[in-house]
Amino acid sequence: MSDYSHILVTVDLTEECRTVAERAASLAKMYNAKLSCIHVIEPLSLAYGGDIPMDLSTIQEQIQDTAQSHLSEFSQSMGIASENQHLVFGRPEVEIHTLAEQMEVDLIVVGSHGRHGLALLLGSTANGVLHGAICDVLAVRVGNK
Ligand code: AMP
């Protein structure tokens, strides 16, 4: 197996993302690879469409500011340089694939809740990232074991 040279860790900014990022950081150290991170903000307009007849831009800006400061703080604590931190808008799996391709990432690290049931073997984002990825994907088990 060839070494990884660029690892992308996907962070949802919940308490669990530290477990996922720590695994990515230790792999980056082991392979002497570059480590980048991404957090995707789902635009409120995507979630609610035209259902809510009000201007959501102020709330969206507040969400962006909060996400930016949490991502910077979290990434710094993981030793990820600011130029390797990516905050983008859209659907998580789509944006994760796009950035991974643009940056020639060779490993994406994602959290997986290991939910029970036939359809829920992987968390939905983990499932989405796995399907269609053109590089390796590591699903790190998080949540209730
Ligand atoms: P979920 O499908 O929501 O259970 O999330 C599983 C994993 O997908 C998380 O642990 C993260 O690694 C990744 N993920 C979920 N949402 C996002 C997001 N908005 N931005 C980046 N990564 C995410």
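All values derive from a computational prediction rather than experimental measurement. Counting starts at 1 for both ligands and their atoms, following the listed order. Counting begins at 1 with the first residue of the sequence.
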- Closest approach of Leu8 and Ile96, non-hydrogen atoms and distance? CD2-O, 4.1 Å
- Least distance between heavy atoms, Ala100 atom then Ile108 atom: CB-CD1, 3.8 Å
- Message: For Ser124, state whether at least one heavy atom is located under 4.0 Å from any atom of ligand 1.
- Response: yes
- Indicate the atoms forming the closest heavy-atom contact of Phe74 with Ala21, along with that distance. CZ-CB, 3.6 Å
- Enumerated ligand 1 atoms positioned under 4.0 Å from heavy atoms of Val11: 20 (N), 21 (C), 22 (N)
- Would you check whether Gly111 has a nitrogen or oxygen atom less than 3.5 angstrom from a nitrogen or oxygen atom of ligand 1? yes
- Output yes when the distance from some N or O of ligand 1 to some N or O of Ser112 is under 3.5 Å, and no in every other case. no
- Query: Has Glu16 got any heavy atom lying under 4.0 angstrom from an atom of ligand 1?
  - Reply: no
- Message: Heavy-atom distances under 4.0 Å decide this one: backbone, side chain, both or neither, for His39 against ligand 1?
- Response: both
- Shortest non-hydrogen pair, Val20 vs Thr10, comes out as CG1-O, 4.3 Å
- Within a distance under 4.0 Å of any heavy atom of Ile38, pick out the atoms of ligand 1 and give their elements. 21 (C)
- Does ligand 1 have an atom under 4.0 Å from some heavy atom of Val142? no
- Query: Among side-chain atoms of His86 and Glu95, is any donor-acceptor pair under 3.5 angstrom?
  - Reply: no
- Which heavy atom in Val9 sits nearest to a heavy atom in Ala24, and how many Å separate them? CB-CB, 3.7 Å
- Item | Element-labelled atoms of ligand 1 that are located less than 4.0 Å from some non-hydrogen atom of Val40 | 18 (C), 19 (N), 20 (N), 21 (C)
- Item | Under 3.5 Å: donor-acceptor pair, side chain of Ser75, backbone of Ser72 | no
- Message: As an exercise, identify every atom of ligand 1 less than 4.0 angstrom from a heavy atom of Val110.
- Response: 7 (C), 8 (O), 12 (O), 13 (C)
